[in-house]
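Values below: every heavy atom of this structure, side chains too, minus hydrogens, waters and symmetry copies. Every value quoted in this text rests on a predicted model; they were computed, and no experiment measured them.
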Amino acid sequence: MSKIEKAKAQSASLKGWKHSKPGLWLSIGGSAFGAISITKDIRKAREESDTLKLVNALVGAAALVTGTALLVRELRQLGSDDVLLG
């Protein structure tokens with residue numbers, strides 16, 4: 001098996017990871033770290049009275065909230081598809 005075929009096989013096996021419960025929880029955890037960074041950016045923009053940086057941080061916060069909401073929805077749908085959960 002060539003290196004390219006091995007890489008394709010590994011990539012195919014990792015694609016399912018993103019849509020698994022542990023993968024979704026890991027993504028939500030990553031969003032939590034993003035929230036810390038955005039909070040720092042907002043605080044710094046307010047201290048400097050920089051409106052453009054504040055708008056940039058607020059847009060980033062909105063994107064983070066939207067992304068997290070999508071992950072939570074996918075996590076709930078994944079749970080509702082599970083036969084054992086009812």
Can you give each donor-acceptor pair under 3.5 Å made by side-chain atoms of residues 55-66, sequence neighbours left out, with the distance rounded to 0.1 Å?
unit_1: Thr66; atom_1: OG1; unit_2: Ala62; atom_2: O; d: 2.9

Quiz item: Hey, quick one: are Leu70 and Val72 part of the same hydrophobic cluster, counting side-chain heavy atoms closer than 4.5 Å, chains of contacts allowed?
Solution: no
Between side-chain atoms of residues 33-42 and protein atoms elsewhere (two or more places apart, or another chain), which donor-acceptor pairs fall under 3.5 Å?
unit_1: Thr39; atom_1: OG1; unit_2: Ala35; atom_2: O; d: 2.7

Quiz item: When rounded to the nearest 0.5 angstrom, what distance separates CD in Glu74 from CD in Gln77?
Solution: 7.0 Å
Quiz item: What residues form a side chain to side chain donor-acceptor pair (under 3.5 Å) with Glu48, not counting sequence neighbours?
Solution: Lys53
Exercise. Calculate, to the nearest 0.5 Å, the distance between atoms CG and OG belonging to Leu54 and Ser49 respectively.
Key: 9.5 Å
Quiz prompt | Distance (rounded to the nearest 0.5 Å) between Leu71 CG and Trp25 CH2 | solution = 10.5 Å
Quiz item: Any idea which heavy atoms bring Ser20 and Leu78 closest together, and the distance?
Solution: C-CD2, 3.9 Å
